[in-house]
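Below you'll find the structure, written out as structure tokens, and then a few comments.
Order of the sequence lines fixes the chain letters, A, B, ..., with proteins taken first and strands second; residue numbering starts at 1 for each chain. Below, all heavy atoms of this structure are taken into account, side chains as well, without hydrogens, waters or symmetry copies.
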Amino acid sequence: MILTFPDGSKRTFSDGMTGIEVASEISPRLAKATLSCAIDGVHSDAFRPIHGDHSIKFFTFEDENGRWAYRHTASHVLAQAVKRLYPEIKLAIGPAIENGFYYDFDAPEAFSPDDLRRIEKEMEKIQQENHPLERFELPRAEAIAYMEQLGEPYKVELIHDLPEDATISFYKEGDFVDLCAGPHVASTGKVKNCKLMNVAGAYWRGSEKNKMLQRIYGTAFDKKIDLEAYVTQLEEAKKRDHNKLGRDLELFTTVDVIGQGLPILLPKGARVIQLLERFVEDEEQKRGYLLTKTPFMAKRELYKISGHWDHYRDGMFIMSDSADVEDPEAEVFALRPMTCPFQFMAYLNRPRSYRDLPLRYNETSTLFRNESSGEMHGLIRVRQFTISEGHLACRPDQVEEEFKGCLDLAKFMLDTLGFSEDVSYRFSKWDENDTDKYIGDKASWERTQDMMRVILNDLNVTFTEVDGEAAFYGPKLDIQIKNVHGKEDTLITIQIDFQLAERFGMVYTDADGEKKYPVVIHRTSIGCYERTLALLIEKYAGALPTWIAPVQVKVLPITDRAAEQSKVVAAELSNMGVRVETDLRNEKIGFKIRESQMQKVPYMLVLGDKEVEQSLVAVRSRKDGDLGTMTLDAFSAQLLKEIATKAR
RNA sequence: GCCAAUAUAGCUCAGUUGGUAGAGCAGCGGUUUCGUAAACCGCAGGUCAAGGGUUCGAGUCCCUUUAUUGGCUCCA
């Protein structure tokens with residue numbers, strides 16, 4: 001057989017050699033490192049014989065595919081270990097994931113940390129026993145019978161749901177067999193350096209209607225040093241966690257009696273958010289937005305028009321004088337979960353002409369959403385939050401241009417805050433198999449989604465398409481960001497809506513005298529301020545860029561003799577609009593510096609007898625340490641420039 | 001909402017098999033006036049998250065609630 005390598009070279013091998021055997025003819029080192037391979041571009045086992053002419057590419061741990069096979073095999077070793085220790089436990093699924101793998105088990109009780117250690121030991125044993133992996137296929141009926149015989153109902157269900165023509169493959173390692181599409185590495189001996197991280201509940205097939213299974217998360221690396229580095233990296237990431245750092249730095253706190261998802265923004269956190277809000281509002285004003293201020297609540301009837309009452313009820317806080325919120329006689333209010341219907345009322349204030357469009361409304365808007373109790377997380381998932389909401393009414397011919405403007409604004413914000421490299425773009429579409437969740441018909445959804453896709457392609461946005469993530473009224477471009485734990489959330493969203501204008505009777509009179517419905521773009525320019533603050537804290541490990549630092553300069557007299565001059569310096573800076581504090585306490589300068597440093601204050605001005613005498617300030621930066629003495633004018637000029645340019 | 005873990009002073013943590021709370025830092029008072037990441041001495045500070053139960057006796061065991069954390073589901 002003739003095999004073609006990635007560099008285009010061809011070589012002849014005897015038919016039936018395995019990928020690893022081929023690799024060993026190239027170099028023993030490659031053979032040892034090879035975990036899996038691609039045959040004609042299809043990811044495959046490297047331990048299976050190859051027949052005929054193909055292209056071939058080997059994967060080691062350096063390749064995503066290689067890591068995937070390695071960790072997927074690790075998940076099988078985990079399942080094998082669990083079955084050895086607890087034969088009554090049923091197997092569900094166990095894929096490789098980013099940074100590791102998991103396996104779901106139907107276990108009578110949750111695994112304890114002790115159980116994990118036992119399982120980990122058993123996995124090491126299985127690794128040392130070095131069982132080769134063997135692949136075999138069975139016809140559907142036999143496959144089902146086989147899994148029934150093994151007493152694995154979840155596997156039986158999986159096989160039932162496979163398409164008629166699917167190849168049903170199994171992998172065997174020693175006494176353990178699992179239904180699996182593969183590929184895997186050649187033997188359990190290859191899978192070293194596994195670590196079980198934690199246990200979590202997870203619904204069978206991801207549906208809350210199904211039974212909750214026990215999921216064990218683990219990771220595995222080919223080199224021990226890489227595993228250790230990964231564990232260290234996780235610990236380091238935790239130190240940046242906004243939920244810890246934000247509290248330590250007194251940006252926010254929470255109180256039991258106020259409730260879940262309702263954080264208190266302390267003076268420093270409130271200041272940062274105020275700065276962000278002003279920045280966003282000013283930028284939006286420059287871009288032709290009209291500011292509104294609309295009520296935080298409205299009668300049930302408004303949400304019935306918008307569709308929220310039918311499609312978002314669970315997410316709303318409803319207040320009623322009757323126990324039955326559907327009672328037609330009752331007066332029922334709900335706190336607003338979104339600003340759209342309110343800004344639509346501003347549009348409806350008077351008749352609109354095609355000349356009025358595009359009409360861009362913005363509002364720094366506080367919203368209330370009744371998130372499920374298990375969802376809340378620091379400042380990232382809360383029940384009350386403030387967002388830079390905006391709704392644009394435009395003519396169909398203006399949609400692309402306006403969408404572009406929204407994206408440009410979003411990118412400008414990301415750039416200013418330093419998030420540009422950290423985000424990914426998600427085109428969130430509806431789920432055509434679950435149409436009850438949405439308003440509007442299939443044709444209009446497809447039309448809108450196609451239009452959005454064209455716009456995104458025109459704008460050269462690199463994005464992934466995901467079904468089932470749309471808003472109930474339209475598709476979204478979501479700009480996604482990961483927190484310090486690797487969990488992804490939406491930071492910014494831009495949505496196209498062909499539905500709500502009609503529902504609200506929003507029209508404009510076109511040039512031809514016809515009444516037409518405008519297209520509505522819903523958008524945020526940065527995400528909700530609480531979430532943005534959280535991500536800023538994590539990105540900068542609490543050391544916020546000077547322009548948004550709650551305290552920018554701390555003046556530190558060495559002795560009381562410098563106190564008066566310190567107050568003068570602070571007052572001068574304060575008059576320039578600098579956020580400055582003075583530490584007049586009777587403490588040693590090292591102590592004051594330590595505290596300011598831990599509070600991540602960008603600049604410290606140290607004043608002793610020398611500085612007072614020469615009318616200078618000794619500047620210390622939190623980043624670069626002692627910068628030496630200079631005049632206050634020289635320092636403030638440099639500082640004001642840094643603030644004005646929003647340097648990071 | 002579901003599966004788990006956790007909850008002791010403002011913070012970080014001790015607290016033996018159940019015998020009615022302890023340290024460091026922070027705070028307050030004093031001494032010290034000091035040159036770039038922690039001066040010294042003293043004082044005060046806790047219904048052990050809340051409520052209920054078992055027990056002669058509960059921070060410790062059990063139940064409920066609340067909050068926090070990690071997942072799942074859901075979402076900005």
Side-chain angles (χ1 to χ4, degrees), chain A residues 102 104 107 109-113 197-217 238 241 243-244 247-248 250 253-262 312 314-315 337-338 365 367 369-378 380-383 385-389 428 437 468-469 471 476 478-481 485 487-493 495 522 524 526-532 556-563 585-598 604-611 618-622 625-629:
Chain A
Y102 68 78
D104 285 348
E109 276 174 56
F111 296 101
S112 68
M197 309 300 284
N198 54 335
V199 194
Y203 297 109
W204 165 237
R205 310 197 104 177
S207 168
E208 60 186 331
K209 295 185 185 95
N210 292 336
K211 184 170 183 181
M212 181 152 276
L213 308 173
Q214 298 298 324
R215 174 174 297 178
I216 296 181
Y217 282 97
K238 272 190 203 145
D241 188 341
N243 213 354
K244 173 91 177 80
R247 291 167 197 269
D248 289 350
E250 296 194 295
T253 187
T254 50
V255 184
D256 284 14
V257 287
I258 290 180
Q260 251 192 315
L262 298 168
Y312 206 81
D314 289 346
M338 290 162 186
S365 178
L367 305 179
R369 296 190 187 174
N370 192 4
E371 302 287 346
S372 332
S373 58
E375 296 307 329
M376 259 63 77
H377 171 68
I380 286 187
R381 259 318 256 294
V382 290
R383 282 184 165 150
F385 55 94
T386 298
I387 196 165
S388 58
E389 277 267 50
S428 302
K437 275 168 65 178
E469 293 288 346
K476 310 191 282 179
D478 290 322
I479 304 182
Q480 303 289 107
I481 191 161
H485 299 289
K487 184 158 177 145
E488 189 177 86
D489 277 295
T490 303
L491 185 61
I492 297 176
T493 184
Q495 310 166 357
H522 307 238
T524 66
I526 62 174
C528 85
Y529 290 95
E530 291 82 353
R531 181 174 287 182
T532 302
L556 309 175
I558 294 172
T559 69
D560 289 348
R561 293 190 295 282
R585 292 176 306 170
N586 176 9
E587 294 290 352
K588 292 177 77 171
I589 191 65
F591 181 81
K592 293 182 182 181
I593 287 171
R594 180 167 195 273
E595 281 203 346
S596 300
Q597 197 78 41
M598 288 195 305
M604 289 151 260
L605 299 183
V606 177
L607 272 74
D609 291 339
K610 271 190 290 181
E611 287 74 21
V619 181
R620 184 189 164 96
S621 125
R622 68 179 170 197
D626 194 348
L627 300 179
T629 55

Under a 3.5 Å limit for both distances, which nucleotide forms a Watson-Crick or G-U wobble pair with [N], could you say?
N: B:C28; answer: B:G42
N: B:C13; answer: B:G22
N: B:A7; answer: B:U66
N: B:U54; answer: none

By the 4.0 Å heavy-atom rule, please label [X] as base, sugar-phosphate, or nothing.
X: A:V382; result: base
X: A:R561; result: sugar-phosphate
X: A:F591; result: sugar-phosphate
X: A:R215; result: sugar-phosphate
X: A:G315; result: nothing
X: A:K476; result: sugar-phosphate
X: A:E530; result: nothing
X: A:L213; result: nothing
X: A:G590; result: sugar-phosphate
X: A:E375; result: base
X: A:T493; result: nothing
X: A:G628; result: nothing
X: A:I387; result: nothing
X: A:K592; result: nothing

Separation between the [atom1] atoms of [N] and [M], rounded to whole Å:
N: B:G27; M: B:G45; atom1: C1'; result: 9 Å
N: B:G46; M: B:G53; atom1: P; result: 26 Å
N: B:G22; M: B:G15; atom1: C1'; result: 7 Å
N: B:C63; M: B:C3; atom1: P; result: 14 Å
N: B:A58; M: B:A50; atom1: P; result: 15 Å
N: B:G1; M: B:A44; atom1: P; result: 45 Å
N: B:A7; M: B:A49; atom1: P; result: 8 Å
N: B:U55; M: B:C62; atom1: P; result: 16 Å

Which nucleotide in [options] has an atom nearest any side-chain atom of [X]:
X: A:D241; options: B:G70, B:A37, B:C72; value: B:G70
X: A:E208; options: B:U33, B:A38, B:U73; value: B:U73
X: A:T559; options: B:U33, B:U36, B:G1; value: B:U33
X: A:Y203; options: B:U36, B:C75, B:U73; value: B:U73
X: A:E371; options: B:U73, B:C74, B:C3; value: B:C74
X: A:R247; options: B:U68, B:C75, B:U36; value: B:U68

For the residue pair [X] and [Y], confirm or rule out a side-chain donor-acceptor distance under 3.5 Å.
X: A:T532; Y: A:E530; result: no
X: A:H377; Y: A:D489; result: no
X: A:S596; Y: A:R622; result: no
X: A:Y529; Y: A:R531; result: no

Indicate, yes or no, whether a donor-acceptor pair under 3.5 Å links the base of [N] to the side chain of [X].
X: A:E611; N: B:G35; result: yes
X: A:R205; N: B:C72; result: no
X: A:Y102; N: B:G71; result: no

Relative to the 5' end of RNA chain B, which residue comes earlier, A:D609 or A:V199, by the nucleotide with the nearest heavy atom?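 The 5'-side residue here is A:D609.
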
5′-ward residue of the pair A:N198/A:I380 relative to RNA chain B: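 With A:N198 and A:I380 compared, the 5'-side residue is A:N198.
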
Can you see if the side chain of [X] gets near the phosphate of [N] - specifically, an N or O under 4.0 Å from OP1 or OP2?
X: A:Y217; N: B:C72; result: yes
X: A:H377; N: B:G70; result: yes
X: A:S373; N: B:G1; result: yes

Expressed as a whole number of angstroms, how long is the span from [X]:[atom1] to [N]:[atom2]?
X: A:D256; N: B:A50; atom1: CG; atom2: P; answer: 10 Å
X: A:K610; N: B:G35; atom1: NZ; atom2: P; answer: 10 Å
X: A:W204; N: B:G71; atom1: CH2; atom2: C1'; answer: 18 Å
X: A:Q260; N: B:U66; atom1: CD; atom2: P; answer: 9 Å
X: A:I589; N: B:G35; atom1: CD1; atom2: P; answer: 9 Å
X: A:R585; N: B:A37; atom1: CZ; atom2: C1'; answer: 14 Å
X: A:D478; N: B:C75; atom1: CG; atom2: C1'; answer: 10 Å
X: A:L627; N: B:U36; atom1: CG; atom2: P; answer: 15 Å

Before you tell me yes or no, could you show the steps for A:R383 and A:E371 under salt bridge (charged side-chain N to carboxylate O under 4.0 Å, His left out), namely the whole-Å CA-CA distance, both residues' side-chain angles and the distance that decides it to 0.1 Å? CA-CA 6 Å; A:R383 282 184 165 150; A:E371 302 287 346; over 6 Å; no

Rounded to the nearest 0.5 Å, how far apart are CG of A:L605 and CG of A:L556?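 Reported value, rounded in 0.5 Å steps: 7.5 Å.
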
Using a strict threshold of under 4.0 Å (side-chain N to carboxylate O), is an ion pair present between [Y] and [X]?
X: A:R594; Y: A:E587; answer: no
X: A:D104; Y: A:R215; answer: yes
X: A:K476; Y: A:E469; answer: no

Let me see the working for A:E595 and A:R585 under salt bridge (charged side-chain N to carboxylate O under 4.0 Å, His left out), right down to the final yes or no. CA-CA 12 Å; A:E595 281 203 346; A:R585 292 176 306 170; 2.7 Å; yes

